[in-house]
Protein chains: 2
Amino acid sequence: MRIGELAALAGVSVRSLRYYEEQGLLTSTRSAGGQRHYTQDDVERVAFIQRLYTAGLSSRTVTELLPCLDSPSDENSDAAMERMAKERDRLSTHIEDLLRTRDALDVLMVAAQAHRDARQTAA
Amino acid sequence: MRIGELAALAGVSVRSLRYYEEQGLLTSTRSAGGQRHYTQDDVERVAFIQRLYTAGLSSRTVTELLPCLDSPSDENSDAAMERMAKERDRLSTHIEDLLRTRDALDVLMVAAQAHRDARQTAA
DNA sequence: CTTGCCTCTCACATTGATGTCAGGTTTTAG
DNA sequence: CTAAAACCTGACATCAATGTGAGAGGCAAG
């Protein structure tokens with residue numbers, strides 16, 4: 001498929017796909033005319049890239065991790081293993097942080113609701 | 001206290017504190033010479049701002065929420081209430097997403113480990 | 001009063017992912 | 001074959017938070 005179709009299927013912009021390629025996260029074969037062609041597998045790959053992005057991983061970090069996804073075979077997995085463990089930790093910490101923040105928001109909301117109720121009672 | 005001390009206590013840069021003020025997230029009294037002065041409470045406030053930032057809230061959104069923290073009294077809490085509920089939802093969704101991403105990482109790590117073990121056995 | 005440190009404002013730089021525009025080429029539909 | 005639609009490269013723009021540097025002024029200790 002061409003880049004527009006992949007973009008539609010993966011729900012990202014054409015611009016982003018070109019950027020991913022520029023960053024070495026995604027490869028494509030080229031037609032005689034120079035247009036990029038992708039396979040069905042790339043849809044899932046792009047989705048995974050997106051997932052890592054929204055998890056706060058940088059493009060650079062994703063670049064380090066993806067080889068492991070491609071070929072869990074070389075000794076690059078040694079480095080990737082460490083990287084993944086590290087990112088997993090960071091992710092866990094971040095999740096904990098978000099949970100605490102959500103709790104804090106809940107507290108604020110309860111307070112606001114209490115005030116609202118008080119106003120209601122007064123009216 | 002002056003800005004440097006607050007920055008140290010809250011663990012943020014002086015630059016950031018000025019930025020927060022510019023964005024209306026933080027206020028300060030000024031000395032005769034024009035220097036900013038803060039109270040002890042501001043330490044907690046800055047920490048809370050940081051918390052919301054790392055939760056992915058934009059400066060603009062935080063601006064809308066903070067009045068509710070300041071005075072849970074006006075009808076601004078009506079708008080703030082809605083905002084908070086919306087952000088809470090967004091946060092929950094994001095947390096779910098991160099959890100799934102962490103699971104995905106775990107799967108990758110298990111695969112990598114399996115390969116490592118296989119190599120170990122072969123050796 | 002002077003020296004040194006902290007602060008002030010203003011303004012420009014940075015980072016990362018993406019938007020957008022321009023000018024040109026390829027592919028596809030009719 | 002031709003026109004429209006999709007694609008190409010390259011470059012500049014954007015946003016948000018923060019860094020950084022210049023030039024000037026405040027403030028406390030000696």
Side-chain angles (χ1 to χ4, degrees), chain A residues 1-39 42-43 45-66 87 90-91 94 97 101, chain B residues 1-39 42-43 45-66 83 87 90-91 94 97-98 101:
Chain A
M1 77 185 79
R2 290 193 292 166
I3 197 171
E5 189 175 351
L6 176 59
L9 288 180
V12 305
S13 70
V14 166
R15 175 70 174 88
S16 293
L17 294 181
R18 295 204 190 101
Y19 176 74
Y20 297 163
E21 180 169 320
E22 188 184 350
Q23 298 302 307
L25 309 181
L26 187 63
T27 55
S28 60
T29 58
R30 297 297 186 109
S31 74
Q35 300 200 347
R36 294 171 178 82
H37 281 235
Y38 299 95
T39 71
D42 289 323
V43 178
R45 185 183 185 90
V46 170
F48 188 64
I49 292 172
Q50 281 283 304
R51 177 171 293 291
L52 294 181
Y53 270 132
T54 66
L57 301 219
S58 71
S59 179
R60 189 160 148 48
T61 305
V62 176
T63 308
E64 296 182 49
L65 253 43
L66 282 184
E87 290 302 327
R90 200 189 52 76
L91 198 45
H94 189 49
D97 202 42
T101 303
Chain B
M1 77 186 79
R2 290 192 292 169
I3 198 171
E5 190 174 351
L6 176 58
L9 288 180
V12 305
S13 71
V14 166
R15 176 68 174 90
S16 292
L17 293 181
R18 297 206 189 100
Y19 176 73
Y20 297 164
E21 179 169 322
E22 189 186 348
Q23 298 302 307
L25 308 182
L26 188 62
T27 56
S28 60
T29 59
R30 297 296 186 112
S31 73
Q35 300 198 346
R36 294 171 176 84
H37 281 233
Y38 300 94
T39 72
D42 289 323
V43 179
R45 184 183 185 89
V46 171
F48 188 64
I49 292 172
Q50 281 283 304
R51 177 171 294 290
L52 293 181
Y53 270 133
T54 65
L57 302 220
S58 72
S59 180
R60 191 161 148 44
T61 304
V62 176
T63 308
E64 295 183 50
L65 254 42
L66 282 185
R83 205 74 172 99
E87 289 303 327
R90 200 190 52 76
L91 199 45
H94 190 51
D97 201 42
L98 293 189
T101 303

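Letters A, B, ... are given to chains in the order of the sequence lines, protein chains preceding strands, and every chain is numbered from 1.
- Here the CG atom belonging to B:Leu25 is positioned 11.0 Å from the OG atom belonging to B:Ser16, to the nearest 0.5 angstrom.
- Among the atoms of the strands shown, none is found under 4.0 Å from any heavy atom of A:Arg60.
- Distance check: B:Ser59 OG to B:Tyr53 OH gives 3.5 Å after rounding to the nearest 0.5 Å.
- Around atom CZ of B:Arg60, no more than 12 heavy atoms belonging to other residues, nucleotides or ligands sit under 6.0 Å away.
- Residues from residues 13-21 of chain B lying near DNA chain D, meaning a heavy-atom separation below 4.0 Å, are B:Ser13, B:Arg15, B:Ser16, B:Tyr19, B:Tyr20 in numerical order.
- In this structure, the OH atom of B:Tyr38 is 16 Å from the P atom of C:dC6, given to the nearest Å.
- Near DNA chain D, meaning a heavy atom under 4.0 Å from it, residues 46-57 of chain B has B:Gln50, B:Tyr53 in order of number.
- Looking at residues two or more places apart in sequence or on another chain, you find no side-chain hydrogen bond (donor to acceptor under 3.5 Å, both in side chains) involving A:Tyr38.
- A:Leu65 CG to A:Phe48 CZ: the interatomic distance, rounded to the nearest 0.5 Å, is 7.0 Å.
- The distance from the OG1 atom of B:Thr101 to the CG atom of A:Leu52 is 6.5 Å, given to the nearest 0.5 Å.
- The line from CZ of A:Arg36 to CG of A:Leu6 is 11.0 Å long, rounded to the nearest 0.5 Å.
- The distance from atom CZ of A:Arg45 to atom CG of A:Leu66, rounded to the nearest 0.5 Å, is 5.0 Å.
- Distance CD1 (B:Ile3) to P (D:dC27): 15 Å, rounded to an integer number of Å.
- For the helix from C:dC1-D:dG30 to C:dG30-D:dC1, the axis fitted to the five pairs at one end and the axis fitted to the five pairs at the other end meet at an angle of 10° (nearest 10 degrees).
- Electrostatic pairing of A:Glu87 and A:Arg90 counts as a salt bridge here, judged by a charged N lying under 4.0 Å from a carboxylate O.
- Within the structure, every side-chain polar atom (N or O) of A:Ser59 is placed at least 4.0 Å from both OP1 and OP2 of C:dG16.
- B:Arg36 has no side-chain polar atom (N or O) that falls below the 4.0 Å cut-off from OP1 or OP2 of C:dT7.
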Just by protein heavy atoms under 4.0 Å, how would nucleotides 24-30 of chain C read 5' to 3' in B, S and -? --BSS--
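- By the side chain to side chain contact (heavy atoms under 4.5 Å, CB included) test, A:Ser31 is found to be paired with A:Gln35, A:His37, residues two or more places apart in sequence or in another chain being considered.
- Look at CG on B:Leu6: it is 14 Å from C1' on C:dC6, rounded to the nearest Å.
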